[in-house]
Amino acid sequence: MQKEIVVSGIRSTGFLHLGNYFGAIHNYLKMQEDYNCYFFVADFHSLTTHPDPKDLKQSVFRVAAENIASGLDPEKVALYAQTDVPEIPELYLLMNMLAYKGELEKVPTFKDKVRLSPDNVNAGLLTYPVLMAADILIHRAVKVPVGKDQEQHLEMARNFANRFNTRYNIDLFPEPHVFRFDNNTVKIMSLDGNGKMSKSENQNATIYLNDEDEVIRKKIMKAKTDSGPAEPNAEMPDYIQNLFDLMKLVAPADTYEHFKSSYDSCNIRYGDFKKQLAEDMVNFVAPIRTRAQDLQKDEAQLQRILKLGAEKARASAAKTLSEARKAIGINYY
Ligand code: TRP
């Protein structure tokens, strides 16, 4: 049986952190075994904010390296840079003819951007969902592992797919749907208890995959705690729960059980707890960081990997694009 097709884009802005790891990458690792996966660095998308040309390559390579260091296998999946697949912008152009200004202006992420940077409301920003639809539809993917904040974009991708199929009376694009591997994916909160870990904000309360050991220790030791539970088996405030969640993810089960029962019996000393968590966190992050650093030093290797990914992606993309062109009537020769 043919494997189902999965597509996901990774933003190339900012450093990957634990929230990305346990939210997205962790799921990619499971998916790469069972699905036909296309994972790409969304570098076209990053151009909406005009990154410094000097930095672009490095951020793309860093994201690729961090994903590979986390366990993504470029032999199993197609891992590529979006800008290496020219079929994507062509499909984006074709899809733009079916996207209406009104529906694009209504998208909440667009409205947020307009509010946050009113001086840079460019057409690329407005048509961001069209490009994202092209990313997905170019491989005729049916499953898209993304967070809640992307659901509206996915709904638009379904609309564009159906609109194309209806207009050209063809069954070319299947509907893509949000895909969660398991529903108990933990949300990793910021260590100061304010919101989620972030690629750009709260840097002292976010653990990045490239943080050095000492930085990790410092951040964990500074994590928000309080004077401890007031009664046995008390419910945990969310910032304490978050530290326990992290421990569960990175520490051996008996370590977690030990501190959980000391919490439940009101004997917990948060200093000791955080010290242990810091050590387990260092043991978890350090190998990923080292692998990613080694890979980033080996530019030729990363280039080989991305080229291989682009070849796989283009093979699939070219088929879809040629059918789309034909459906529209672009077949002159
Ligand atoms: N918009 C996504 C994000 O901000 C990134 C993305 C771009 C994407 N194209 C995609 C995700 C296609 C899934 C499929 O995280």
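Keep in mind it's a predicted model, so treat the numbers as computed, not measured.
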Point to revise | M197 side chain reached by Y208 side chain, heavy atoms, under 4.5 Å | key: no
Review point. In Å, rounded to the nearest 0.5 Å, how long is the span from CG of N210 to CD of Q296?
Key: 8.0 Å
Scan the side chains in residues 245-253 for donor-acceptor partners under 3.5 Å anywhere in the protein, sequence neighbours excluded, and list what turns up.
unit_1, atom_1, unit_2, atom_2, d
D245, OD1, Q241, NE2, 3.1

Review point. When the ring planes of Y270 and Y263 are compared, do they come out parallel, tilted or perpendicular, using 30° and 60° as the limits?
Key: tilted
Review point. If you measure from the Lys or Arg side-chain nitrogens to the Asp or Glu carboxylate oxygens, is any gap between R180 and E151 under 4.0 Å?
Key: yes
Check your understanding: Checking salt bridge (charged side-chain N to carboxylate O under 4.0 Å, His left out) for the pair K326/E323: CA distance, chi angles, key distance, verdict?
Key -> CA-CA 5 Å; K326 227 186 294 160; E323 292 198 33; over 6 Å; no
Check your understanding: Using 4.0 Å as the upper bound for N to carboxylate O, is an ion pair formed by D112 and R115?
Key -> yes
Revision key, fill the gap. Residue pairs meeting salt bridge (Lys or Arg N to Asp or Glu O under 4.0 Å), one or both in residues 159-175, sequence neighbours left out, come to E103-R163
Exercise for review: Take the angle between the ring planes of H26 and Y21 and call it parallel below 30°, perpendicular above 60°, tilted in between.
Suggested key: tilted
Review point. Would you say the side-chain atoms of N159 and E155 include a donor-acceptor pair closer than 3.5 Å?
Key: no
Check your understanding: So, does K219 use its side chain to make a donor-acceptor pair with the main chain of L191 at under 3.5 Å?
Key -> no
**Study point:** Gap between atom CD1 of I305 and atom CG of L79 - 0.5 Å precision
**Key:** 7.5 Å
Point to revise | L29 and L72: CA distance, side-chain angles, deciding distance, side chain to side chain contact (heavy atoms under 4.5 Å, CB included) verdict | key: CA-CA 6 Å; L29 302 190; L72 204 68; 4.2 Å; yes
Practice item. Could you tell me whether a side-chain N or O of R140 sits under 3.5 Å from a main-chain N or O of F173, the two making a donor and an acceptor? Key: no
Revision key, fill the gap. Rounded to the nearest 0.5 Å, the CG atom of L125 sits from the NE2 atom of H45 at a distance of 11.5 Å
Review point. Excluding sequence neighbours, so at least two apart, what forms salt bridge (charged side-chain N to carboxylate O under 4.0 Å, His left out) with E75?
Key: none
Review point. Ignoring hydrogens and geometry, is there a side-chain-to-backbone donor-acceptor pair from R289 to D211 under 3.5 Å?
Key: yes
**Study point:** Spatial distance of atom CD (E66) from atom CZ (R291) [nearest 0.5 Å]
**Key:** 12.0 Å
Point to revise | Residue pairs involving residues 4-17 (criterion side chain to side chain donor-acceptor pair (under 3.5 Å); sequence neighbours excluded) | key: E4-K143, S8-Y28, H17-N20
Review point. Taking atom CD of E231 and atom OG of S265, what is their separation to the nearest 0.5 Å?
Key: 13.5 Å
Check your understanding: Is there a donor-acceptor contact under 3.5 Å from the side chain of Q32 to the main chain of V77?
Key -> no
Check your understanding: Is the number of heavy atoms from other residues, nucleotides or ligands within 6.0 Å of CG (N169) greater than 12?
Key -> no
Review point. How would you list all residue pairs meeting salt bridge (Lys or Arg N to Asp or Glu O under 4.0 Å) that involve residues 301-316, not counting sequence neighbours?
Key: E87-R314
Check your understanding: Within the distance-only criterion (no hydrogens, no angle test), does the side chain of D272 pair as donor or acceptor with the backbone N or O of I268 below 3.5 angstrom?
Key -> no
Please table the atom pairs, donor to acceptor, closer than 3.5 Å between any side-chain atom in residues 88-100 and protein atoms at least two apart or in another chain.
unit_1, atom_1, unit_2, atom_2, d
E90, OE2, R325, NH1, 2.5
Y92, OH, T127, OG1, 2.7
N96, ND2, Y92, O, 3.4

Practice item. Return the orientation label for the Y256 and F244 ring planes: parallel under 30°, perpendicular over 60°, tilted otherwise. Key: perpendicular
Point to revise | Gap separating the CG atom of L56 from the NE2 atom of H50, nearest 0.5 angstrom | key: 12.5 Å
Point to revise | Side chain D192, main chain A205, donor-acceptor under 3.5 Å | key: no
Exercise for review: Without swapping roles, check the side chain of N267 against the backbone of S262 for a donor-acceptor pair under 3.5 Å.
Suggested key: no
